[in-house]
Amino acid sequence: MAHQGRIYLSSPHMSGSEHEYVQEAFATNWIAPVGPHVDGFERELAAFVGTQGALALSSGTSAIHQALRLVGLERGDRVFVSTLTFIASVNPVLYEGGEPVFIDSEPETWNMSPQALERALVSAKQDGRLPKAVIVVNLYGQSADLDPILELCGAYGVPVIEDAAESLGATYKGRASGTLGAFGVYSFNGNKIITTSGGGMLVSNDLDALEKARFWSTQARDAALHYEHSELGFNYRLSNVLAGIGRGQLKVLEERVAARRAVFERYEQALSRIDGVAFMPEAAYGMSTRWLTAITINPRVIGITPAELVALLASENIEARPVWKPMHLQPLLRAYDYYTDTPQFSVSDQLFAHGVCLPSGSNMSVPEQERVIDLIAQHLLARRLIHESA
Ligand SMILES: *Cc1c(COP(=O)(O)O)cnc(C)c1O
């Protein structure tokens, strides 16, 4: 059979209107980390999610870094972080010499387990080492259950930073995901639901805090002609050219959410009948964007591991990935504490052992998705028969 086109996990999907914004940046020579598109993108994104302000930065990672500086993280301080996430949720803690403590997922949402968080807070309080912040990750387009998390953190006086890099466009009890904590972070990396090729946004209702981060992220230049510096700064601002792409992308965010959800529904219709296959649940408290369709396959029922399924898809030029390898299992992070969902059971280990993310791009065609579905269905059904007769 002829070599078929590659199907990506999640690839950029332009609307067409990005060109006009980029063209305008060129025409007006705003080729800089400041300019009208940066201001416009911040204004439009803040209006979309409903926060007082927004700060456009060069990545989601830099936005988390700035949030951690805003909560006053210092060397040796602890930060609690969801374990089931991408490394970028944790790296900024290490940049500041902080000590991450990992919190397990709950099985219902795959997001931070409130009961694990509670045990971690109780024991931190006993040790007199409460964290400077809790970074809650909203995984694969779905908000964590923030009410119990905010209540716990409120009781201990710990601010919440929402890593909403994967959940822009999702809701939690009618509010935009990423706007419930003290600070929220979005990413516009090439694989996210909307992209500027690279970029991020820090959102908050605390405008003074955002001003402070604005100052730090432009090299902390004091008000003087001669380049005076009294604080440590960073070069973290988003380019005006890329902010133009972001403005074009933001216009189609809701369409992109609808398309990702439709992708999920087609997978679910076709594959949920297969014994041993389960889909990441959607909690009743909100709407997930289904940024990535994540499934679990039970190897005891199906006789295939996530790695084998990913390899099978790769052999047909289809990109799939295992679910994030939890942070507490990473060689870099082995030294840090970890609190499981229940004292005896780690949910994230189980999700990592069984989970696969399927190609989920909003620009994937239905025939392309059928290619993925047919391959999985044929293979899993065949494997099951072999497995059962063995
Ligand atoms: C993508 C991602 C980030 C980092 O965003 P960048 O813009 O790539 O720096 C942070 N956290 C999570 C959970 C992500 O998926």
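Start at 1 and go down the list; that is how both ligands and their atoms are numbered.
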Between Y267 and the options I295, V372, V277, the side-chain contact (heavy atoms from CB on, under 4.5 Å) test singles out V372
Would you mind listing which atoms of ligand 1 come within a distance below 4.0 Å of any non-hydrogen atom of S89?
11 (N), 13 (C)
Test of ring centre spacing under 6.0 Å for F41 and F188
yes
Please compare T196, N91, L84, N189 and report which has the shortest non-hydrogen distance to atom 8 (O) of ligand 1.
N189
Please confirm whether the backbone N or O of L55 pairs with a side-chain atom of R214, one donor and one acceptor, at under 3.5 Å?
no
Please identify which atoms of ligand 1 are closer than 4.0 Å to at least one heavy atom of S59.
7 (O), 9 (O)
Atom 5 (O) of ligand 1: the protein heavy-atom neighbour that sits closest, reported with distance to 0.1 Å
S187 OG, 3.2 Å
What is the nearest protein non-hydrogen atom to atom 15 (O) of ligand 1, stated with its residue, atom name and distance?
E166 OE2, 2.6 Å
Does G199 have a heavy atom less than 4.0 Å from any atom of ligand 1?
yes
For the aromatic rings, using the six-membered ring if either is Trp, is the centroid distance between H328 and Y338 under 6.0 Å?
yes
With ring centroids as reference points, do W216 and F234 lie under 6.0 angstrom apart?
no
Can we say R371 and E368 salt-bridge, meaning some charged N sits less than 4.0 Å from an Asp/Glu carboxylate O?
no
Applying a heavy-atom cut-off of 4.0 Å, say which part of A165 lies close to ligand 1: side chain, backbone, both or neither.
side chain
Nearest non-hydrogen protein atom to atom 2 (C) of ligand 1, with distance, is K192 NZ, 2.9 Å
Per-atom contacts of ligand 1 with T85, taking only distances under 4.0 Å to non-hydrogen atoms:
13 (C)
shortest atom 4 (C) of ligand 1-to-protein heavy-atom contact is with A88 CB, 3.5 Å
Mind checking whether D163 contacts ligand 1 via backbone (N, CA, C, O), side chain (CB onward), both or neither, at a 4.0 Å heavy-atom cut-off?
side chain
Below 4.0 Å from ligand 1: does a non-hydrogen atom of G200 turn up there or not?
no
Mark up the atoms of ligand 1 that fall under 4.0 Å of a heavy atom belonging to G60, in ascending order.
5 (O), 6 (P), 7 (O), 9 (O)
Ranked by distance from atom 9 (O) of ligand 1, the top protein heavy atom is T61 OG1, 2.5 Å
Is the closest basic N to carboxylate O distance between K212 and E231 below 4.0 Å?
yes
Using a strict threshold of under 4.0 Å (side-chain N to carboxylate O), is an ion pair present between E282 and R261?
yes
Judged by atom type as modelled, is there a donor-acceptor pair below 3.5 Å linking the side chain of S360 to the main-chain atoms of T293?
yes
